[in-house]
Each structure stands twice: as structure tokens, then as C-alpha cells.
**Q** 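Please find one structure pasted underneath; my questions will follow.
The shown structure was predicted, so the numbers you read here are calculated from the model rather than taken from an experiment. Below, each value reflects all heavy atoms present in this structure, side chains not excepted, and no hydrogens, waters or symmetry copies. Just follow the structure's listing: the first ligand is 1, and inside any ligand the first atom is 1.
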Amino acid sequence: MERIVVLTGAGISAESGLQTFRGSGGLWEGHDVYEVATPEAWARNQKLVLDFYNWRRDDARKAQPNAAHKALVRLEQEYHVSIITQNVDDLHERAGSTEVLHLHGELLKARSTRDPDLVYELGDKNIQLGDCCELGSQLRPHIVWFGENVPAIYDAMEIAVEADILLVIGTSLNVYPAASLVPAARNARTIFVVDPDMPAMVQGDDSVGCIEKTAVEGVPPLVEQLLEE
Ligand code: APR
């Protein structure tokens, strides 16, 4: 069975109502990254950081998987599908994808600030000041902040190298090491990129199938094409 590796970013969740980061109206237009998404921000004002992620978590809970998330599930009928997402929502899982690796963490989990291996499912709760892990330390969002290591990148690289087909959906490919997964998939026989505004990394690259559409417009027909191959 051929392996399809899918690298997704905020764009695949845009049509589910969740903001992207860098487009017009993007999250980083309304918020200063360095005030809410860095270890320094956490050291300066834990409540501001918790409030930011509590707000994003409530948004993500209200969102529903869209036709692009659901189409990727159908691919599993004919292929071994490995999703590597930069997104911290759980829309891939809720759509039914069975293999999802989160590079930048997960909104619906909390982590100990004393032992990073202590990770807790939040269920329908948020994180408040005074919510502590079993060791008594304040819980933080289980998110990779700017300037922090991306522990999942090693597993992600091993997956990318095995790709027979690579799909890149809804990411500007602006952030590393995530963006380095595209060149890492050098054994892929074909690469498709679905994005209404092609990332600079692939512009003019004739070896890439550029589908200049939104995820909901472009992914379902691409999946049908791949299932008919
Ligand atoms: N369908 C498909 N793609 C879309 C859509 C859509 N409806 N709307 C926007 N896009 C595309 C944009 O053209 C852009 O290329 O999605 C991409 C979103 O890019 P970013 O906002 O930079 O998001 P992303 O690439 O996921 O950012 C990566 O940066 O801030 C960090 O940790 C954060 O995981 C995030 C990382």
C-alpha cells in the first residue's frame, strides 16, 4: 500500500472558522506573539497566556471538521495516510483520521511545568491560574511556543522520508522546522500543494502540482483523483 504523507497548516481549518496566523485578519495581526506565545511571555504574565489559549481552545471546540478534513479520511481506504499537522486543533481526529502527528502541540491538552512528560487531557475544561499537575506545579498549554524545541520533528522527518505522495495543505511554509518536511520528502513520486495563495517555497517549481484553491474546494477532488489511480 502506498504511503501518503499530508502536511497541514492553519489554512485547512480556515473554512471551519478558525483563524490562520499570517493572512489578513490572521491571529498574529491581532495579538503580539511575544506577549502570548513565548516562554518569556509565560514568565512575564501567565494569566494573559492562559487566557489567550483558553479563548483559542473554546473556538476550536466550537469548530467542526470541514470537507477537506473528511476527504483525507477517505484516502485511508486505499493508502497508508500519515497526517503531520502544525495545527493544535483536533479537527483531523474528529473527522476520523487515524494517524495524526501534532508538530506544535495540542490545544486540548495541558502539561506540567515541572515535568514535560506529564501531559493531561483537558476534556471540556480550560486552564486557570492555580491548576496544578500531580507534582504541584502550574499547568501550561501543551503547545510549542516560539523559541521552544519541536520534539515531534524527529518522528515527522522519519515519516516524511517514507512518503510516496506528499500533500501540503493550507500552510505558508514560513515556519521551521515544519517547512523542512517538504524537502525531506525527497522520495515522493509526486507532491501536491493546495492553497489559494501558493507558498513561496513551491512557486515556480514545476515538479509540484499546485492547486490554487481553498482546502474545501481543492482537497475533495484531489482525493477522488488519488483514489481512482
Ligand atoms: N484553504 C487552504 N489554504 C488556506 C485557506 C483555505 N481556506 N485560507 C488560507 N490558506 C493558506 C494561506 O494562503 C497560507 O498559505 O493557509 C496558509 C496559512 O499560513 P499561516 O497563517 O502562516 O499558518 P501556518 O503555515 O499553519 O503557520 C505555521 O506558525 O504561528 C505558527 O505555530 C503556528 O502552526 C503555526 C505555524
**Q** With heavy-atom distances below 4.0 Å as the criterion, list the atoms of ligand 1 near G9.
**A** 26 (O)
**Q** Taking the inter-plane angle between the rings of H69 and H92 on a 0 to 90° scale, is it parallel (under 30°), tilted (30 to 60°) or perpendicular (over 60°)?
**A** perpendicular
**Q** Check whether any heavy atom of N174 sits under 4.0 Å from an atom of ligand 1.
**A** no
**Q** What protein heavy atom sits nearest atom 13 (O) of ligand 1, and how far off is it?
**A** D195 OD1, 2.7 Å
**Q** Locate the shortest heavy-atom distance separating I169 from V219; write the atom from each residue and the value.
**A** CD1-CG2, 3.8 Å
**Q** Answer side chain, backbone, both or neither: which part of V175 comes under 4.0 Å from ligand 1, heavy atoms only.
**A** side chain
**Q** Which atom names give the shortest non-hydrogen contact between A95 and V73, and what distance separates them?
**A** O-CG2, 3.4 Å
**Q** For ligand 1, which atoms, with element, lie under 4.0 Å from some heavy atom of F146?
**A** 30 (O), 31 (C)
**Q** If you compare all heavy atoms of R111 against all heavy atoms of P116, which two are closest, and at what distance to 0.1 Å?
**A** CD-O, 3.3 Å
**Q** Taking all heavy atoms of A185 and all of A163, pick out the closest pair and write down the distance.
**A** CB-CB, 4.4 Å
**Q** Quick check: are there more than 12 heavy atoms from other residues, nucleotides or ligands sitting under 6.0 Å from CG of D32?
**A** yes
**Q** Going by heavy atoms, is P196 under 4.0 Å from ligand 1?
**A** yes
**Q** Using heavy atoms and a threshold below 4.0 Å, how should the contact between R22 and ligand 1 be classified: side chain, backbone, both, or neither?
**A** both
**Q** Near E15, which atoms of ligand 1 are under 4.0 Å from a heavy atom of that residue?
**A** 1 (N), 6 (C), 7 (N)
**Q** Is a donor on one side and an acceptor on the other found under 3.5 Å between the side chain of Y79 and the backbone of L226?
**A** yes
**Q** What residue and atom, counting heavy atoms only, is the protein's closest point to atom 26 (O) of ligand 1, and at what distance?
**A** A10 N, 2.8 Å
**Q** Among all protein heavy atoms, pick out the one at the shortest distance from atom 35 (C) of ligand 1; state its residue, atom name and that distance to 0.1 Å.
**A** F21 CE1, 3.5 Å
**Q** Would you find a donor on one side and an acceptor on the other, under 3.5 Å apart, between the side chain of E158 and the backbone of D155?
**A** no
**Q** Identify, for atom 28 (C) of ligand 1, the protein heavy atom at the shortest distance, and state residue, atom and that distance.
**A** Q86 OE1, 3.2 Å
**Q** Around atom 8 (N) of ligand 1, find the nearest protein heavy atom and jot down its residue, atom name and distance.
**A** A14 CB, 3.9 Å
**Q** Say whether, by atom type as modelled, one donor and one acceptor occur between the side chain of D89 and the main chain of A60 under 3.5 angstrom.
**A** no
**Q** Does R114 reach the main-chain N or O of Q138 with its side chain, forming a donor-acceptor pair under 3.5 Å?
**A** no
**Q** Which protein non-hydrogen atom lies closest to atom 18 (C) of ligand 1, naming both residue and atom, and how far is it?
**A** G170 O, 3.8 Å
**Q** Who's the nearest protein heavy-atom neighbour of atom 5 (C) of ligand 1, and how far?
**A** G11 O, 3.6 Å
**Q** I need the nearest protein heavy-atom contact for atom 1 (N) of ligand 1: residue, atom name and distance, please.
**A** A215 N, 2.9 Å
**Q** Mark up the atoms of ligand 1 that fall under 4.0 Å of a heavy atom belonging to W28, in ascending order.
**A** 30 (O)
**Q** Under 6.0 Å from the CZ atom of F146, do we count more than 12 heavy atoms belonging to anything else shown?
**A** yes
**Q** With heavy atoms only and a cut-off of under 4.0 Å, state how H104 meets ligand 1: side chain, backbone, both or neither.
**A** side chain
